[in-house]
Amino acid sequence: MEDAFRPSTDLDDPPNSRLFLVTSKSITEDVIRENFTMFGEIQDVWVVKDKQTKESKGVSFVKFAKSSEACAAMEEMHGKCLVEGTKPIKVFIAQARSSGSHKDVEDEELTRIFVMIPKTFTEEDLKETFKVYGDIEYCIVVKNKSTGESKGLGYVRFHKPSHAATAIEKCDKTFRAILAEPRNKTPAPENDYFNNARPDHTMNDPGISAYPFADAGNYPRADMRGSDIITRCLMVSSRASVTQEQIYSLFDLIPGMDYCEMQQDSYGFSTGHTMIRYNNLGSAVYAKNKLDGFEYPPGNRLVVTHIDDGEDRRSPVGRMAMQLVAAQMMSIVCNPAGPQLRKTSTVYPSPAVPQCPRIQTDVALPPPQKLAPSDSRAKERLFVVFKPSPLPMDVLEDVFCRFGSLIEVFLVPGRNVGYMKYAERKSAEDAMATLHGQMINGVKMKVMLADPPKEESHKRQRTY
DNA sequence: CGACGGGACGC
DNA sequence: CGACGGGACGC
């Protein structure tokens with residue numbers, strides 16, 4: 001599944017996932033590998049050597065699957081001595097091959113993220129939402145200077161690059177989190193759209209899954225924060241317009257809800273984010289398990305995540321207690337007919353909810369796969385025409401992800417067409433081969449390779 | 001035939 | 001000071 005080597009694209013993908021090491025010339029690839037495996041999935045280690053003498057130049061590159069892994073390794077290993085008597089190593093995030101620059105990448109550029117937020121989000125809301133990924137230095141909501149009204153944009157500055165990277169990788173994708181451009185910098189020339197000249201670059205990156213509980217193997221991480229937290233508070237995110245009352249009714253099916261408020265924009269429209277709190281941990285865990293991924297209204301898949309509620313999770317005792325409760329709840333939720341562990345006294349009423357989008361088709365579909373990380377480069381896109389009308393986004397995501405490396409579904413507003421972005425060419429080709437001319441839920445699809453997006457010559461706007 | 005989105009500023 | 005290899009083939 002994972003090829004050891006691939007033709008080099010001159011890009012680092014995902015961004016900031018490669019380390020630049022300065023070491024004694026005696027440090028070998030094996031030593032580097034031994035010292036860095038614990039931080040994540042190493043995809044490549046390369047010690048730069050003199051072409052003639054084969055002697056190390058004291059410079060190496062270590063490519064990780066994820067930026068958060070590379071950052072954690074950098075934070076932990078910079079200044080460490082790998083072999084007795086050798087000089088301490090220096091560890092930096094490597095400059096992208098295409099950048100041409102050899103300047104050190106500074107923490108300044110790696111610790112501030114830029115996010116889209118509901119218009120009602122305050123800086124405190126921002127902090128509450130993102131502090132689960134690490135210590136925050138400050139949060140900023142971008143506001144209209146004269147009216148003071150939020151523009152629905154925010155910045156979060158973390159203390160550590162690994163925390164910013166983890167936030168980008170793990171926060172709800174409706175935030176569209178990316179690294180913020182440093183304020184003074186001219187927008188990086190950064191590479192153009194997608195590069196269709198090259199074969200695939202296999203990443204096998206467990207990205208943000210659209211499928212609850214699909215996360216299986218995780219790599220050891222430097223810390224255990226992130227979305228592993230378990231709290232009484234939930235954030236419910238919806239792409240389609242829903243009312244607070246609708247969300248309330250749904251989540252009130254589970255006993256113990258004591259708070260439910262939808263974030264609204266200045267016109268009173270729903271922003272798709274609703275905060276919910278239960279008076280006990282078990283109900284919150286149950287609600288997340290039952291309703292994360294639930295289609296409501298049909299065709300719109302809700303995303304439910306725990307958010308930090310300020311309770312002390314650092315104390316080992318508190319954390320263990322919560323995990324215990326969570327584990328009990330899990331066993332009840334996951335084994336409804338379950339054997340010994342079942343305690344009848346704690347069984348909750350089950351909302352009558354289908355779990356996945358119903359897909360009706362004659363096509364033999366492979367099982368769903370994880371989405372590629374949203375910062376993956378699109379190596380191929382499909383252009384899809386629907387008759388008589390487009391399928392819902394989440395159905396499309398469910399169908400088109402099954403060939404691997406799907407980054408994103410984009411429906412052109414007001415038209416019966418859309419685009420599927422893939423991080424690997426083969427995935428797109430497989431999807432096209434299987435789905436072209438087929439019928440899904442009564443909708444006929446033409447599935448073709450998309451023409452490259454129109455060349456806006458040398459505009460800087462990146463497609464994130 | 002059926003074609004292209006979203007998002008930039010305070011310590 | 002300390003920056004960029006190896007090998008590539010299926011549709």
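Letters A, B, ... mirror the listed sequences (proteins, then strands); counts begin at 1.
Atom C1' of nucleotide C:dA8 and atom CZ of A:Arg425 are separated by 15 Å, given to the nearest angstrom. As rounded to whole Å, 15 Å separates atom P of C:dC11 from atom CD of A:Glu424. When the P atom of C:dA3 is taken as reference, atom NZ of A:Lys49 falls 16 Å away, rounded to whole Å. The interatomic distance linking A:Asp104 (CG) with C:dC1 (P) rounds to 12 Å, in whole Å. Across the protein-nucleic acid pair, A:Asn16 atom CG and C:dA3 atom P stand 20 Å apart, rounded to whole Å. The nearest whole Å value for the distance from the CD atom in A:Gln43 to the P atom in C:dG6 is 20 Å. Atom NZ of A:Lys57 and atom C1' of C:dC1 are 14 Å apart (whole Å). When rounded to the nearest whole Å, the span between CG of A:Leu126 and C1' of B:dA8 equals 14 Å.
Residue A:Met116 is the one, among A:Met116 and A:Lys145, whose nearest nucleotide of DNA chain B lies closer to the 5' end (criterion: closest heavy atom). Sequence order on DNA chain C of the closest nucleotides to A:Arg18 and A:Glu429 puts A:Arg18 first from the 5' end. The residue among A:Phe92 and A:Val45 whose nearest nucleotide of DNA chain C is located toward the 5' end is A:Phe92.
A salt bridge links A:Glu123 to A:Lys143: one of the charged nitrogens lies within less than 4.0 Å of a carboxylate oxygen.
For A:Arg112 and B:dC11, a side-chain-to-base donor-acceptor distance below 3.5 Å is absent, hydrogens and geometry of angles not being considered. Residue A:Lys426 places no side-chain atom within donor-acceptor reach of the base of C:dG10, judged by atom type and a 3.5 Å distance cut-off alone.
Formation of a donor-acceptor pair under 3.5 Å by the A:Glu169 side chain with backbone atoms of A:Lys66 is not found in this model. For A:Ser405 (side chain) and A:Glu424 (main-chain N/O), a donor-acceptor pair under 3.5 Å exists by modelled atom type.
Taking every side-chain heavy atom of A:Arg97 into account, C:dC4 is the closest of C:dG2, B:dA3, C:dC4. Set against B:dC4, B:dC9, C:dA3, the side chain of A:Glu181 has B:dC9 as its closest nucleotide. Distance from the side chain of A:Arg415 is smallest for B:dC4 among the nucleotides C:dA3, B:dC4, B:dG5. Nearest to the side chain of A:Phe410, among B:dG5, C:dC4, C:dG2, sits B:dG5. Looking at the side chain of A:Val412, the nearest of the listed nucleotides C:dG5, C:dA3, B:dC4 is B:dC4. Relative to the side chain of A:Arg183, the nucleotides B:dC9, C:dG2, B:dA8 differ in distance, and B:dC9 lies closest. Residue A:Val417 has its side chain nearest to B:dG2 when only B:dG2, C:dA3, C:dG2 are considered. Checking C:dG5, B:dC9, C:dC4 against every side-chain atom of A:Gln95, the shortest atom distance belongs to C:dC4. Taking only side-chain atoms of A:Ala450, from C-beta outward, the nucleotide of B:dA3, C:dG5, C:dA3 with the closest atom is B:dA3. The side chain of A:Asp451 has B:dC4 as its nearest neighbour among C:dG5, B:dC9, B:dC4.
Residue A:Val385 is classed as a base contact, given a heavy-atom separation below 4.0 Å to a base. A:Lys446 comes within 4.0 angstrom of a base, heavy atoms only. Nucleic acid contact class of A:Lys87 (heavy atoms, under 4.0 Å, all strands): sugar-phosphate only.
Both thresholds, 5.5 Å between centres and 30° between ring planes, are not jointly met by A:Trp46 relative to the base of C:dC4, so the two rings are not stacked. The aromatic ring of A:Phe20 is stacked on the base of C:dA3, with the two ring centres less than 5.5 Å apart and the planes inclined by under 30°. Stacking between A:Phe383 and the base of B:dA3 is present: ring centres sit under 5.5 Å apart and the planes differ by under 30 degrees.
Less than 6.0 angstrom separates the ring centroid of A:His273 from the ring centroid of A:Phe175.
Taking 4.5 Å as the limit, some side-chain heavy atom of A:Thr129 sits within range of a side-chain heavy atom of A:Phe121.
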Would you tabulate the side-chain donor-acceptor contacts of residues 151-158 of chain A under 3.5 Å, counting partners in other chains and residues two or more places apart, or write 'none'?
residue  : atom : partner  : partner atom : Å
A:Arg157 : NH1  : A:Glu108 : O            : 2.9
A:Arg157 : NH1  : A:Thr111 : OG1          : 3.0

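Not one side-chain nitrogen or oxygen of A:Arg381 sits closer than 4.0 Å to the OP1 or OP2 atom of B:dC4.
Around atom CG of A:Asp50, more than 12 heavy atoms belonging to other residues, nucleotides or ligands sit under 6.0 Å away.
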